[in-house]
Amino acid sequence: MGNTITLSVVYFIAIILLLAFNELNYRRLKVKGEFTRKFAHFTATIAVVPFPYIFSSHWYVFVLALIFFAALFITQYSKQLNSIHDIDRKSIGSYLLPAAIYLTFLMSDKLDSKFIFILPMLILGVSDPMAAIVGISFKTNNHKIKLFGIDTGKSIFGSGAFLITSFVISLIALYFNRGVFDLKTFYIGLAVAVVSTVAELLSWRGSDNLTIPLGAAVTLLLLM
């Protein structure tokens, strides 16, 4: 238990350093808030991937998530940490990230399956920022996707980048998890990628931070 508490403190300090580094880039280098926000999203999410090997109880993750949530709430309403909050759209995504990390960990903990946490976090950490950056960076012929006449706010290139990266990540992760590359590896990887992409496409105001990992986790639960 002592080692676990120590590691919890280490993660807490690491999050503070990450946010400070991100804020420094935002203020000194004038990096746009959209990009510093995605950098923080990527690093914070990838950093939690080893959680199933570190924490034996979901309560440790709950406490870390609660602290992270409180820090985001306080800094937004005190007009601090603009490297996270300075975006031109309304979003609850930053608040849902710690919730998504905890709920996905809780699911994997109760099901005794580390993989159900690891793969969704990899997809959320890599594919989601990739979709946003590609969608922002490429303007020519990058049409917005509409469903039933409603603008989803997502672009063809962005969603395409999400689908491709999530599929590749799923195939690699499934291969290492199952130890074999067969038809089952392929169709599970494809299913996880498609469900995650649809979750990202249909989500509203950053709720994809929650729907992507939970959608991926449920898909793994049903197919593995």
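Everything numeric here is computed off the predicted structure, so don't read it as measured data.
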Seminar exercise, completed: When every non-hydrogen atom of P120 is compared with those of L220, the smallest separation belongs to CD-CD1, 4.1 Å
For this session: Looking only at non-hydrogen atoms, find the nearest pair between D109 and S56 and report the distance.
Result: OD1-O, 4.0 Å
Problem set entry | Side-chain donor/acceptor of H41 to backbone N/O of L124, under 3.5 Å | yes
Exercise. Side-chain contact, heavy-atom cut-off 4.5 Å: T45 with V126?
Worked result: no
Exercise. Where do S159 and L201 come nearest, in terms of heavy atoms and distance?
Worked result: OG-CD1, 3.9 Å
Problem set entry | Closest heavy-atom pair and its distance - A173, F115 | O-CE1, 3.5 Å
Exercise. Which atom names give the shortest non-hydrogen contact between A217 and T104, and what distance separates them?
Worked result: CB-CG2, 4.4 Å
Exercise. Are V195 and V218 joined in one hydrophobic group, where the rule is that I, L, V, M, F, W and Y side chains link up if heavy atoms are under 4.5 Å apart?
Worked result: no
For this session: Measure the shortest side-chain to side-chain distance between L119 and S170 over non-hydrogen atoms and say whether it is less than 4.5 angstrom.
Result: yes
For this session: Quick one: pull up CD1 in I13 and CG in L17 and give me the separation to the nearest 0.5 Å.
Result: 7.5 Å
For this session: Treating Ile, Leu, Val, Met, Phe, Trp and Tyr as nodes and any side-chain heavy-atom pair under 4.5 angstrom as an edge, say whether I172 and V194 lie in one connected cluster.
Result: yes
Exercise. Considering residues, nucleotides and ligands other than D112, do more than 12 of their heavy atoms fall under 6.0 Å from its CG?
Worked result: no
For this session: Would you give the length of the straight line joining atom CD1 of I101 to atom CE of M121, rounded to the nearest 0.5 angstrom?
Result: 6.0 Å
Exercise. Same cluster or not: are L222 and L106 linked, directly or through other Ile, Leu, Val, Met, Phe, Trp or Tyr residues, by side-chain heavy atoms under 4.5 angstrom apart?
Worked result: yes
Exercise. Any link between F39 and V49 through a network of hydrophobic side chains (Ile, Leu, Val, Met, Phe, Trp, Tyr) touching at under 4.5 Å?
Worked result: no
Exercise. Mind checking whether F181 and L171 have side chains closer than 4.5 Å, heavy atoms only?
Worked result: yes
Exercise. Is there a side-chain contact between K184 and Y187, using heavy atoms and a 4.5 Å cut-off?
Worked result: yes
For this session: Please answer: with hydrophobic residues joined when any side-chain heavy atoms are less than 4.5 Å apart, are V10 and I54 in the same cluster?
Result: no
Exercise. Rounded to the nearest 0.5 Å, how far apart are OG1 of T197 and CG of L163?
Worked result: 4.0 Å
Exercise. Going by atom types only, do D208 and T211 share a side-chain donor-acceptor pair under 3.5 Å?
Worked result: no
Problem set entry | Any side-chain heavy-atom pair of M130 and F42 under 4.5 Å | no
Exercise. How long is the span from the CG atom in L64 to the CH2 atom in W59, to the nearest 0.5 Å?
Worked result: 13.5 Å
For this session: Could you check if a side-chain atom of M107 sits within less than 4.5 angstrom of a side-chain atom of F117, using non-hydrogen atoms only?
Result: no
For this session: Evaluate the side-chain proximity of I212 to F162: yes if any heavy-atom separation is below 4.5 Å, no if none is.
Result: yes
Problem set entry | Donor-acceptor pair between S166 and S127 side chains, under 3.5 angstrom | no
Exercise. Aromatic ring centroids of F62 and F105 under 6.0 Å?
Worked result: no
For this session: Fit a plane to each ring of F51 and Y11, take the angle between them on a 0 to 90° scale, and name the class: parallel (under 30°), tilted (30 to 60°) or perpendicular (over 60°).
Result: perpendicular
Exercise. If you look at every heavy atom in R178 and M224, which pair is closest and at what distance?
Worked result: CG-CE, 4.4 Å
For this session: Could you tell me whether the side chain of I46 reaches within less than 4.5 Å of the side chain of L122, counting heavy atoms only?
Result: yes
For this session: Describe, in one word, how the ring planes of F186 and F167 are oriented to each other, choosing from parallel (under 30°), tilted (30 to 60°) and perpendicular (over 60°).
Result: perpendicular
Problem set entry | Distance in Å, L19 CG paired with L72 CG, rounded so as to fall on 0.5 Å steps | 7.5 Å
Problem set entry | Spacing of CG belonging to L223 relative to CD1 belonging to I188, to within rounding of 0.5 Å | 5.5 Å
